[in-house]
Number of protein chains: 4
Amino acid sequence: MATTLSSGAQEPKRQRGHLRVAAIMEAGVAVFTEKGYDAATMTEIAARSSTAIGSLYRFFPSKESLADALLSRYVQHTTSGFATLADQAPAMTPHQLADAFVDFMASLHSQRSLAVALVDARGGSDERRARFRETMRGGIATILRNAIPHLAKAQSETMAVVLLHVLKAVAGAGEEKPAARRKLLAEIRKLVRVYLEAAQNDTD
Amino acid sequence: MATTLSSGAQEPKRQRGHLRVAAIMEAGVAVFTEKGYDAATMTEIAARSSTAIGSLYRFFPSKESLADALLSRYVQHTTSGFATLADQAPAMTPHQLADAFVDFMASLHSQRSLAVALVDARGGSDERRARFRETMRGGIATILRNAIPHLAKAQSETMAVVLLHVLKAVAGAGEEKPAARRKLLAEIRKLVRVYLEAAQNDTD
Amino acid sequence: MATTLSSGAQEPKRQRGHLRVAAIMEAGVAVFTEKGYDAATMTEIAARSSTAIGSLYRFFPSKESLADALLSRYVQHTTSGFATLADQAPAMTPHQLADAFVDFMASLHSQRSLAVALVDARGGSDERRARFRETMRGGIATILRNAIPHLAKAQSETMAVVLLHVLKAVAGAGEEKPAARRKLLAEIRKLVRVYLEAAQNDTD
Amino acid sequence: MATTLSSGAQEPKRQRGHLRVAAIMEAGVAVFTEKGYDAATMTEIAARSSTAIGSLYRFFPSKESLADALLSRYVQHTTSGFATLADQAPAMTPHQLADAFVDFMASLHSQRSLAVALVDARGGSDERRARFRETMRGGIATILRNAIPHLAKAQSETMAVVLLHVLKAVAGAGEEKPAARRKLLAEIRKLVRVYLEAAQNDTD
DNA sequence: AATGAATGAGCCTTCATTCAT
DNA sequence: GATGAATGAAGGCTCATTCAT
């Protein structure tokens with residue numbers, strides 16, 4: 001299993017280093033999520049992970065490389081989740097699939113907010129943003145075709161774009177108070193459900 | 001109430017002041033949209049509006065105050081649009097309402113990107129963000145209740161949250177190529193439609 | 001007469017600004033000369049010219065741009081000095097020319113040390129270094145051909161390279177104690193003299 | 001003086017230590033020459049010699065100490081070369097001596113660039129620079145007195161300063177293209193020759 | 001009132017050097 | 001003794017904001 005460190009970073013070679021890297025990444029998640037990419041400062045990330053600024057830069061040679069690593073980790077989580085969903089999709093009704101989608105996004109939890117901070121906001125390179133989106137869309141489109149066999153490829157891709165957007169709302173739900181949150185999730189479930197059912201009916 | 005005498009002397013100045021402010025706001029829209037709140041610089045906004053930096057600060061005493069002004073203007077646009085929709089809603093079918101929603105969001109066009117830059121991204125004060133969202137949600141909830149008479153207030157508010165999120169996708173569609181854009185808009189229309197129809201059926 | 005500010009710098013537009021620029025340049029000369037390009041810090045240059053660091057960067061948007069401006073000024077001094085020498089050269093004996101060369105270099109005084117710090121040392125872009133040398137060599141070669149009519153162009157250029165190097169020693173003499181300095185200058189005069197006389201005899 | 005017993009156990013380690021030191025010094029020469037003293041980093045020198053940074057600091061407790069060691073080695077090379085020249089000088093004509101000087105400097109070749117990086121550029125302590133120069137000047141002065149018997153001590157020292165400077169041009173010639181390089185070296189030979197001949201005539 | 005020069009906190013990043021393993 | 005992680009001062013540079021002219 002490759003490390004999450006990417007481009008140019010020094011891989012830690014000792015136990016201590018791995019712990020440090022983990023602490024930095026967690027602090028990075030927190031700060032980027034709270035402040036957004038631009039407003040986050042490396043100094044604060046270092047402080048929150050009790051790391052000297054120089055040590056932070058040993059493992060992540062730039063602010064962007066830290067963001068990259070964080071995003072990569074998120075992409076891996078998501079990709080493998082999508083792969084699982086794709087396997088189960090053929091046996092699912094649209095209703096079940098809708099729930100599965102929402103449950104999965106809800107499980108990503110705080111990480112979604114991070115992705116928003118790093119991808120949707122300015123500051124990240126356009127290329128990375130584009131690649132990230134393509135990955136997400138592709139994963140969803142595949143799931144859709146597995147669940148709704150007669151769905152045309154083009155149509156599945158358009159739907160994926162829409163669905164991906166809708167599912168982002170699940171992350172947003174995290175900011176609401178528990179009661180409102182629950183209601184909101186139920187409503188999103190419903191939205192996805194009627195959408196998927198309509199799609200299935202169209203293809204029949 | 002001022003006499004024509006004194007107002008005559010002041011008019012040119014006021015006139016110029018208004019032009020200045022307008023120029024600054026336009027430049028602000030452009031720069032915030034292109035770069036995002038954090039990366040935008042007051043110096044560039046001043047330059048693009050051919051305004052001395054000192055003059056810019058005379059009218060808008062801080063970067064945040066400029067962003068506030070821009071956001072307020074956007075809120076007013078939207079609010080009045082929502083008011084119109086609310087008037088027409090009672091006579092609309094869910095299908096028509098869905099189209100009306102999407103058309104309206106599409107008409108906001110570039111302004112949406114600005115709102116994203118100023119609200120969704122970090123950098124703006126939390127307070128402002130909250131107020132902004134409340135306004136948007138309230139407007140949509142009212143429209144929904146006008147169109148679907150038996151809708152409970154609580155339910156209309158939950159739906160508004162969901163719907164607002166979905167409609168944001170319309171702004172995102174602006175980044176796609178024309179062909180994909182058209183398909184995407186059609187798909188969003190469909191999503192909103194089935195959602196609204198389901199809501200109406202629930203209340204019957 | 002164009003300002004000495006180059007690439008990207010904001011030209012001062014007020015009296016105050018010009019004074020500031022002059023103060024910065026003087027401080028730049030001092031610090032670069034004392035420490036060399038790399039070891040010189042913009043902070044120190046700012047402090048020595050009683051300038052806020054931000055103001056320094058207003059006029060010289062990078063460390064390199066300041067070095068460029070300083071070097072340009074030196075090149076202009078030198079170029080015009082060479083032009084004068086070139087005019088007088090036809091009427092001079094090699095002996096007189098040798099003295100004129102040394103006197104001229106001695107008059108450049110401290111500025112020579114600056115050029116060494118900015119050109120001969122690492123840190124400056126290679127391109128700038130190359131252009132600078134070409135200018136100096138060309139000037140000397142022209143003077144030589146004016147003073148020694150029958151000198152072939154190629155030969156004058158080779159001699160210019162050698163002569164330029166020798167004349168740099170005049171700058172180095174500045175570091176010696178006055179007594180040693182005087183002897184050294186006399187010796188360099190002699191060296192240049194015998195070299196130029198030999199060159200003239202060769203062409204006869 | 002150690003017994004062969006104990007020294008036998010240590011030998012392999014010493015051997016390895018020597019190799020290490022040699023590797024570090026070679027890397028140091030390369031990096032200092034390429035980048036100059038300031039821009040060279042201990043980390044790169046460690047990497048190029050396949051040495052852990054901690055080990056590098058075991059042998060050379062500071063960047064300056066490494067530079068010192070390198071410079072000392074160069075001084076030794078030069079000193080012994082000068083000693084040889086001093087032995088041969090009594091039997092040489094000024095013409096031959098000029099060639100011998102130039103040939104010797106040319107033989108130092110790349111090492112000269114290192115010396116420039118470490119001595120002429122700022123960054124080295126003034127003390128070291130002064131000592132280095134004194135050594136070089138003393139060596140040349142001795143050679144001159146051996147070759148030109150009646151030369152006064154003071155005069156020989158002044159000439160040594162001049163000559164040392166001129167001979168540095170030989171190192172600079174290394175940067176020219178081969179053809180230009182050859183011409184340049186020939187020209188420097190001529191310069192040194194006429195200078196030495198003039199000196200001899202003066203003393204007669 | 002308009003202009004633009006001045007200010008300085010703070011950002012990202014580098015690197016010589018030390019120290020725990 | 002070797003290794004490489006840790007440290008933190010310092011550097012170049014930006015930009016929101018203020019103030020003198």
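Chain letters run A, B, ... following the sequence lines, proteins first, then strands; residues in each count from 1. In this text the structure is predicted, and so the values were computed from the model without any measurement. The basis for the numbers below is simple: all heavy atoms, side chains too, and nothing from hydrogens, waters or symmetry mates.
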Exercise. Under the side-chain contact (heavy atoms from CB on, under 4.5 Å) rule, collect the residues that match up with D/Ser62, sequence neighbours excluded.
Key: D/Glu64, D/Ser65

Exercise. Could you tell me, to 10°, how much the axis swings from one end of the helix from E/dA2-F/dT21 to E/dT21-F/dA2 to the other, five pairs per end?
Key: 10°

Quiz item: With sequence neighbours left out, what residues match C/Ser55 under side chain to side chain donor-acceptor pair (under 3.5 Å)?
Solution: none

Quiz item: Can you check the B/Glu64 CD to F/dC15 C1' distance for me, whole Å?
Solution: 16 Å

Practice problem: Keeping the roles fixed (side chain from C/Thr51, backbone from C/Ser49), state whether a donor-acceptor pair exists under 3.5 Å. | Solution: yes

Practice problem: State which of E/dG8, E/dG4, F/dT7 makes the closest approach to the side chain of C/Ala52. | Solution: E/dG8

Self-check item: Rounded interatomic separation in angstrom, taking CD1 from A/Ile24 and P from F/dA6
Solution: 8 Å

Exercise. Give a yes/no verdict on a cation-pi contact between B/Lys63 and B/Tyr37, requiring under 6.0 Å between NZ or CZ and the six-membered ring centre and an angle within 45° of the axis.
Key: yes

Quiz item: Where along residues 55-63 of chain B does a heavy atom fall under 4.0 Å from DNA chain E?
Solution: B/Ser55, B/Arg58

Quiz item: Nearest-Å distance, NE2 (B/His18) to C1' (E/dA1)?
Solution: 16 Å

Quiz item: Quick one: side-chain contact (heavy atoms from CB on, under 4.5 Å) partners of A/Tyr57, sequence neighbours excluded?
Solution: A/Met42, A/Ile53

Quiz item: Could you state the CZ-P distance from A/Arg20 to F/dG4, rounded to the nearest angstrom?
Solution: 17 Å

Exercise. Quickly work out the A/Ile53 CD1 to E/dC15 C1' distance and round it to whole Å.
Key: 14 Å

Self-check item: Most 5' of D/Thr51 and C/Gly54 on DNA chain F, judged by nearest nucleotide
Solution: D/Thr51

Quiz item: With C/Glu44, which residues qualify under salt bridge (charged side-chain N to carboxylate O under 4.0 Å, His left out), at least two apart?
Solution: C/Lys35, C/Arg48

Exercise. For D/Ala40, report the nucleic acid contact type (base, sugar-phosphate, nothing); a contact means any heavy atom under 4.0 Å.
Key: sugar-phosphate

Exercise. Provide, to the nearest angstrom, the distance between the CE atom belonging to C/Met42 and the P atom belonging to E/dC11.
Key: 21 Å

Quiz item: Hey, are A/Arg73 and A/Glu26 close enough for a salt bridge, meaning a charged N less than 4.0 Å from a carboxylate O?
Solution: yes

Quiz item: Rounded to the Å, how far apart are B/Asp38 CG and E/dC12 P?
Solution: 11 Å

